[in-house]
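Below is a structure I'd like to ask you about.
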Amino acid sequence: MRLLVVMLAVFWAAAALAQDAVRVGLFGMVEQVAPLVVAGREVAVADGVPVISPLGRGQKLAVGDTVAITAGVMDGTLTAVRILEVYPVVGPVSSVSEGRAVIMGSAVHVPPDVTFKKGRWAALSGFWSGTTVITTNIRRVDGAGFAQLTGAVDPQAFAIGGSTLHGVVPPVDSFGDAPWMISGTAVLDGVQVQLMSKGLFGNGAEVVLWQGHASAPVASQTYMIHGTGVMGTARDAQMPAPGVLVARCAQEGRVLRKAPDGMQAAFDALDCASHIPAD
């Protein structure tokens, strides 16, 4: 029950960010905590900004956590106004083998220094690579609770990664390209859905720096970033090798080649041009 209450608070709080100045987003792995560095970008943290987590209050950021940060830009500095812990998978372990476990139907990479036990609950930070989570940090969850999946939804299979979304009612305008946060009851091959929310930033970010694993070419010189719904081309940004961890700036699910109108300062603060081919 605690997870459901926290999730509701997260979704309602997102709307409150809305209407001020232009904001940007960062989704990626925490590389350093003090100062906070995410996906290679340093982010100042304003006083009183909490870490919002589906695991409850009082969570502290750690290296390897994956987070979605909404930030303002002032004099070239990114300053966080909202920090959300993002877990691709939260649920019970159903099987374990060397270097690999399965949680609710999705395969997850297990670091060599980690021991998983069947039946234990875990919250995994990391990035999707196809239907597998490449784990960057693990938090053990005491007892059973609400399961969670976060990522882009396959609209044909009604799935995130290798996990099926049972009882899901598709949105009128379809799932679209944005990642979704889904919670409910854990079942062997997925989640019995009780709560869904689209996006990780609410209405609070116009340009987002996304970190994740690149797909194999979807079409000629076109690729996606697994789990994010973001699409790019070699013309927009450097064409990555499949499986490589990349960072790309995007707006509405498309990699940006240049700053949108009125967003040059934000574009520069996110260092978006670092992945754009030279003309």
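In what follows, every heavy atom counts, from backbone to side chain, and hydrogens, waters and symmetry copies are set aside. Sequential numbering from 1 along the given sequence is applied to the chain's residues.
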Handout entry: Stepwise side chain to side chain contact (heavy atoms under 4.5 Å, CB included) check, Leu36 with Val30
Key = CA-CA 7 Å; Leu36 181 61; Val30 174; 4.0 Å; yes

Exercise for the section: Report the distance from atom CE of Met239 to atom NE2 of His275, rounding to the nearest 0.5 Å. Expected result: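 So the CE of Met239 and the NE2 of His275 are separated by 14.0 Å.
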
Practice task
Establish whether Val73 and Met263 are linked, either directly or via other cluster members, by ILVMFWY side-chain heavy-atom contacts under 4.5 Å.
Solution key: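 Val73 clusters together with Met263.
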
Exercise for the section: Find the distance between CD1 (Ile276) and CZ (Arg248) and round it off to the nearest 0.5 Å. Expected result: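 Rounded to the nearest 0.5 Å, the CD1-CZ separation comes out at 9.5 Å.
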
Problem - In one Ile/Leu/Val/Met/Phe/Trp/Tyr side-chain cluster, 4.5 Å: Val168, Val191 - result: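 The answer is yes; both residues are in one hydrophobic cluster.
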
Handout entry: Ser197 side chain vs Met181 backbone, donor-acceptor pair below 3.5 Å
Key =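 No, Ser197 side chain to Met181 backbone: no donor-acceptor pair under 3.5 Å.
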
Practice task
Count the heavy atoms of every other residue, nucleotide or ligand shown that sit under 6.0 Å from CD of Gln32, and state whether that count exceeds 12.
Solution key: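 Check passes, neighbour count above 12.
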
Problem - ILVMFWY cluster, Val37 and Leu26 together (side-chain gap under 4.5 Å) - result: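 No; tracing contacts between hydrophobic side chains, which count when under 4.5 Å, never links both residues.
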
Handout entry: Any side-chain heavy-atom pair of Val51 and Glu85 under 4.5 Å
Key =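 Sidechains of Glu85 and Val51: in contact.
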
Exercise for the section: Taking the side chain as every heavy atom from C-beta outward, state whether Val207 and Pro260 have any atom pair closer than 4.5 Å. Expected result: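 With C-beta onward as the side chain, the pair touches.
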
Handout entry: Minimum side-chain heavy-atom gap Val187-His166 below 4.5 Å
Key =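 Touching, per the 4.5 Å side-chain cut-off.
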
Handout entry: Any side-chain heavy-atom pair of Arg23 and Arg82 under 4.5 Å
Key =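 SC-SC contact between Arg23 and Arg82 ruled out.
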
Exercise for the section: Mark yes or no for whether Thr150, through its side chain, and Tyr87, through its backbone, hold a donor-acceptor pair below 3.5 Å. Expected result: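 Yes, Thr150 side chain to Tyr87 backbone: donor-acceptor pair under 3.5 Å.
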
Practice task
Taking all non-hydrogen atoms of both residues into account, name the closest pair between Gly126 and Pro88 and its distance.
Solution key: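 It is O-CG, 3.4 Å.
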
Handout entry: side chain to side chain contact (heavy atoms under 4.5 Å, CB included) evaluation trace for Leu78 with Leu270
Key = CA-CA 8 Å; Leu78 298 166; Leu270 289 171; 4.0 Å; yes

Practice task
Verify, without hydrogens or angle tests, whether Ser129 (side chain) and Gly243 (backbone) share a donor-acceptor contact under 3.5 angstrom.
Solution key: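 The answer is no, because no donor-acceptor pair under 3.5 Å joins these two groups.
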
Problem - Nearest heavy atoms of Thr77 and Ala44, plus distance in Å - result: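 What the structure gives for the nearest pair is CG2-CB, 4.3 Å.
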
Problem - Check: Leu209 and Val38 side chains under 4.5 Å, non-hydrogen atoms - result: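 A side-chain contact under 4.5 Å is absent here.
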
Problem - Contact check, side chains of Asp65 and Gln59, non-hydrogen atoms, under 4.5 Å - result: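 In short, these two side chains do not touch, never coming nearer than 4.5 Å.
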
Practice task
Identify the two heavy atoms, one from Leu124 and one from Ile103, that lie closest to each other, and give their separation to 0.1 Å.
Solution key: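 Shortest heavy-atom separation between Leu124 and Ile103 comes out as CD1-CD1, 3.8 Å.
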
Problem - Residue from Leu61, Val86, Leu84 passing side-chain contact (heavy atoms from CB on, under 4.5 Å) with Val67 - result: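 So the option named by the test is Leu61.
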
Practice task
Decide if atom CG of Asp75 counts as having more than 12 heavy atoms of other residues, nucleotides or ligands within a radius under 6.0 Å.
Solution key: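 Open.
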
Practice task
Of all the heavy-atom pairs spanning Val24 and Ala266, show the shortest one and how long it is.
Solution key: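 Smallest interatomic distance, heavy atoms only, reads CG1-CB, 3.3 Å.
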
Exercise for the section: Look up atom OG in Ser183 and atom CD in Gln194, then write down how far apart they are to the nearest 0.5 Å. Expected result: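 It comes to 7.0 Å.
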
Exercise for the section: Start with the C-alpha gap between Ile83 and Val45, add the side-chain angles, then the distance that decides, and say whether side chain to side chain contact (heavy atoms under 4.5 Å, CB included) holds. Expected result: CA-CA 9 Å; Ile83 302 173; Val45 180; 4.2 Å; yes

Problem - Spatial distance of atom CD1 (Ile69) from atom OG1 (Thr79) [nearest 0.5 Å] - result: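 The CD1 atom of Ile69 sits 11.0 Å away from the OG1 atom of Thr79.
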
Exercise for the section: Could you tell me whether the side chain of Phe127 reaches within less than 4.5 Å of the side chain of His226, counting heavy atoms only? Expected result: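 They are not in contact (no side-chain heavy atoms under 4.5 Å apart), so the answer is no.
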
Exercise for the section: Determine, for Arg254 against Asp177, whether the closest basic-nitrogen to carboxylate-oxygen distance falls under 4.0 angstrom. Expected result: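 Judged by the 4.0 Å cut-off on N to carboxylate O distance, Arg254 and Asp177 do form a salt bridge.
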
Practice task
Rounded to the nearest 0.5 Å, what's the gap from CD on Gln211 to CD1 on Ile225? Could you check?
Solution key: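 Going from CD on Gln211 over to CD1 on Ile225, the span is 9.0 Å.
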
Exercise for the section: Ignoring hydrogens and angles, tell me if any N or O in the side chain of Arg41 forms a donor-acceptor pair with the backbone of Asp271 under 3.5 Å. Expected result: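 Such a contact is found between Arg41 side chain and Asp271 backbone.
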
Exercise for the section: Give the cluster check for Leu245 versus Val208: same hydrophobic cluster or not, with ILVMFWY residues linked at side-chain heavy-atom distances below 4.5 Å. Expected result: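 In one cluster: yes.
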
Exercise for the section: Spell out, as yes or no, whether a donor-acceptor pair under 3.5 Å connects the side chain of Arg235 to the backbone of Thr233. Expected result: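 No; judged by distance alone, with no hydrogens or angles, the pair does not exist.
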
Problem - Least distance between heavy atoms, Val169 atom then Met196 atom - result: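 Closest heavy-atom pair between Val169 and Met196: O-CE, 3.7 Å.
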
Problem - Single-linkage hydrophobic cluster Phe175~Trp128, side-chain heavy atoms < 4.5 angstrom - result: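 Yes, Phe175 connects to Trp128 through the hydrophobic network.
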
Practice task
Determine whether the side chains of Ser163 and Ser106 contain a donor N or O and an acceptor N or O closer than 3.5 Å.
Solution key: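 Yes, side-chain donor-acceptor contact under 3.5 Å.
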
Exercise for the section: Take Leu195 and Phe146 through the side chain to side chain contact (heavy atoms under 4.5 Å, CB included) test and state the conclusion after the steps. Expected result: CA-CA 10 Å; Leu195 182 66; Phe146 271 82; over 6 Å; no

Problem - Ser94 versus Leu188, closest heavy-atom pair with distance - result: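 Heavy atoms of Ser94 and Leu188 come nearest at CB-CD1, 3.8 Å.
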
Exercise for the section: State whether the number of non-hydrogen atoms from other residues, nucleotides or ligands found under 6.0 Å of Asp261 atom CG is greater than 12. Expected result: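 Counting other residues, nucleotides and ligands, CG of Asp261 stays at 12 neighbours or fewer.
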
Practice task
With rounding to the nearest 0.5 Å, note down the distance linking CG in Leu200 to OG1 in Thr228.
Solution key: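 That separation rounds to 9.5 Å.
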
Problem - Close side-chain approach of Met104 to Pro92, heavy-atom, < 4.5 Å - result: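 Side chain of Met104 against side chain of Pro92, heavy atoms only: contact under 4.5 Å found.
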
